[in-house]
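Notes to accompany the following structure.
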Amino acid sequence: MIAPARFFTLCAALALASCAPAERELTVFVDITAQSGLANYEGMTHGAAWGDYDGDGLPDLYVTNHLKQAMLFRNLGGGRFADVTGQLFAPNDLGGDKHGAAWADFNNDGRPDLAQLTGAIQGVGEEPKRLFVNAGGKLVERAVELGVDNPPGRTRMPLWLDVDGDGKLDLFQGAEARFDDLTPPFLFAQQAGRFADATAKLQPASRAAPFCVLTELTGDRHPEVVCRLMGKGRPVQVFDTSVSPARTLDLLPDTAFEDIVAGDFDNDGRIDLFLARKNPGGRVALARSGDKALTAQIELSARNAAEPKAFRFNSRGTLRVTVAGQHAGELDVADVKLGQAGASPAALEFELSPEGARGLPQPPGGDRPAVLIGSTRPGQWQLEFHARPEVFGGKAKPRHVHVRIHSTEAIDDVEALGDGARDETAPQRLFMNRDGKLVEEGDKRGVNAVPVAAVNAVAGDFDNDMDLDIFILGSGDAGKTPNRLLLNDGKGKFQVVRAAGGAAGLLAGVGDSVTTADIDGDGFLDILTASGGSMGRSLGLPSDNGRYQLFRNVGNGNHWLKIDLEGTRSNRDGIGAIVRVTAGGVTQTRVQDGGVHERGQNHARLHFGLAKHTRIDKITVQWPSGVVQELRGIKANQVLRVREPE
């Protein structure tokens, strides 16, 4: 008999007030998805990219939707968006295995262009990457012509940066390792209007570096690049770009993470790093999206073939069950057995009553996986998953089975059997910058007051009180968990806001990304979340009901300043610049990093909260070219364009 292990019901999974320490009661966000024009999409997502493609001052939204058609939404103002995809893109440019995307004005013509990365057809094929050049009325795909199509690249997230300081943006194509011996390039440097392989200038210590961020950690005018690595060896690499080729800096310990947030959290002028983290799910990963719904992901491999993979739950209702493999054709109706008699359903989506499936069937032999479902006693259901070593044909790669269950009555007492489940929450890491040395102070500064499985995160001054707060997107492998909002007290210590200040979010789908933009121009940062995470073991059924949710910041009486940079000797977007804003004796520091992090691009416009101050004492811009520019006596509550002196 398989022994039960209780399904984890920590605060991170169910947001129980009784679990949590004292949380601050504050409304920061309201959900405006329904009226925004973004509510109709349901399914896979793969991040979001904010950029003002039409130059009207309002950030527009591009979403890749992974294996579904990409979409571009024009910002109409007032929190409303219109789908303009068909007006700007050729139809053939919207499909494929699309991953991350990012806007930047790579050709310095004043209009943002768009890099769209793609996969490599199950890790062994070829698919060209895309570079859409903004021609005003159209976004024209020119990747082959410009030299960045990189067909064999199993690419994930782009990063625009000027790696050699020549005033022209280069393109890093974050990627995972192929399943063969090919090693496609990571970095393409711009030369005479085209791009060429320049990986030797910034070479990851792994064949898999899915994303990097740009920041400034050492106090010189040359930004650092921080990359997540995968595979054997170190999980993180920090590059010093002041030399060519870039050299590795030993600034961070070997800490696994899902996303990186760079920001000066204690306003001491040095950039700190927040690492969003989660633990992988076990053989049995379970998620709840409602009291009558349950989603499960089961990992089957030759290595764990003899170990139990099962779960059970109580419900006296009629079940609607959907069973699916990770890829089409991996599971057939004959692989599903119901009740002691072992009958198979007519389809992989079926209804099931206790009378129709009493008892459990015996595990079959052979080279096929098996899903066994039955009512072990009145009101209790059990599902078991079996796969003999022969199923895997000698391959080490695991296979995943997904199950979604809806009942006409409540589902409760959910248990993973054996030791198949794992707690997916993990300690978040906050590394404070002490003169170029990064010191971990996460627990000390309150970021772990409530456990969370963090898959994505952003920083922003959401209450405009002159310090950076942190917003965390929560999720397990099988389904979404509530988001977290951590408010900064001004000294780099954080307090959890109850229900994420109004943006705890739906529990539909699997957590994917969170991005920020001031969508309505009121000076307060808004939040977009995506929950169709569809990579790794979440590809398929769990992401089918993913959504976009748009949360408008309700604001308060605090003032603000937003800055757009215009480089002349530096790249037009000023990517790599360091901007300091001083008001009321407090200096805030931002790095123009292009807004890029894992799976997402925040709107790159720099945002500063000013509390009650109506005038800025001083603005200092350290341009990538080395020029240092100062402005004084600037009024609050405006978008300020700062042009680099020629």
Side-chain angles (χ1 to χ4, degrees), residues 47-52 59 100-106 112 115 157-163 165 169-174 187 202 209 211-228 236-242 246 251 257 259-265 269-276 431 433 438 456-461 468 470-471 513-518 525 562-567 570-581 588-608 621-625 642:
W50 292 95
D52 183 7
W103 299 91
D105 182 6
F106 81 88
M157 188 67 204
L159 176 68
W160 291 102
L161 74 165
D162 183 359
V163 75
L169 287 176
D170 310 305
L171 180 59
F172 184 89
Q173 296 187 354
L187 179 67
L202 198 156
F211 80 95
C212 303
V213 301
L214 188 72
T215 189
E216 208 297 308
L217 301 172
T218 60
D220 62 12
R221 70 177 181 85
H222 300 280
E224 281 72 51
V225 176
V226 186
C227 297
R228 180 192 178 192
V236 61
Q237 188 172 7
V238 182
F239 289 97
D240 173 8
T241 64
S242 67
L251 294 179
F257 57 92
D259 197 5
I260 308 170
V261 178
D264 182 5
F265 293 112
R270 296 182 288 266
I271 302 301
D272 315 301
L273 295 180
F274 174 82
L275 272 56
F431 290 90
N433 193 328
L438 296 172
N456 214 245
V458 291
D461 189 355
L468 287 175
I470 299 173
F471 190 95
S513 70
V514 56
T515 50
T516 62
D518 179 6
L525 290 174
K562 294 183 288 185
I563 294 178
D564 287 337
L565 299 177
E566 182 181 332
S570 304
N571 66 86
R572 177 73 179 242
D573 288 345
I575 289 176
I578 302 167
V579 180
R580 293 182 170 88
V581 171
Q588 301 176 66
T589 302
R590 304 282 190 272
V591 177
Q592 177 50 282
D593 57 7
V596 169
H597 62 112
E598 166 67 325
R599 296 195 182 204
Q601 182 184 28
N602 306 315
H603 189 211
R605 175 175 284 161
L606 300 176
H607 170 270
F608 299 83
V621 181
Q622 182 176 308
W623 291 92
S625 65
V642 180

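For reference, positions follow the sequence shown, starting with 1. A quick note: this is a predicted structure, and the numbers were derived from the prediction, not measured.
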Can any side-chain N or O of [X] pair as donor or acceptor with the backbone N or O of [Y] at less than 3.5 Å?
X	Y	result
R270	N433	yes
R228	A209	no
D573	D105	yes
T241	P223	yes
W103	A49	yes
N456	E598	yes
E224	L217	yes
W160	F106	no
D259	A457	yes
Q601	G594	yes

From [atom1] ([X]) to [atom2] ([Y]), nearest 0.5 Å:
X	Y	atom1	atom2	value
T218	L438	OG1	CG	10.0 Å
L171	L169	CG	CG	9.5 Å
L606	T589	CG	OG1	11.5 Å
L202	C227	CG	SG	6.0 Å
L159	Q173	CG	CD	11.5 Å
F239	L214	CZ	CG	12.5 Å

Nearest heavy-atom pair of [X] and [Y]: which atoms, and what distance?
X	Y	result
A517	P59	CB-CG, 4.0 Å
A48	S513	N-OG, 4.0 Å
V596	P158	CG1-O, 3.3 Å
T215	V226	CG2-CG2, 4.0 Å
G574	W623	CA-CZ3, 4.1 Å
Q622	D220	NE2-O, 4.0 Å

Within the 4.5 Å heavy-atom criterion, are [X] and [Y] side-chain neighbours or not?
X	Y	answer
L273	V261	no
P624	N571	yes
V579	F608	yes
L187	V163	yes
L468	R590	yes

Using the side-chain contact (heavy atoms from CB on, under 4.5 Å) rule, pick out the option among I470, L525, N602 that qualifies with V458.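 Answer after filtering I470, L525, N602: N602.
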Should R605 and D518 count as an ion pair when the cut-off is N to O under 4.0 Å?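 Result for this pair is no, no salt bridge flagged.
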Please determine whether side chain to side chain contact (heavy atoms under 4.5 Å, CB included) holds for the pair E566 and R572, giving the CA-CA distance in whole Å, both sets of side-chain angles, and the decisive distance to 0.1 Å. CA-CA 5 Å; E566 182 181 332; R572 177 73 179 242; 3.4 Å; yes
Go through D272 and D264 one step at a time and tell me if the side chain to side chain contact (heavy atoms under 4.5 Å, CB included) criterion holds. CA-CA 5 Å; D272 315 301; D264 182 5; 3.8 Å; yes
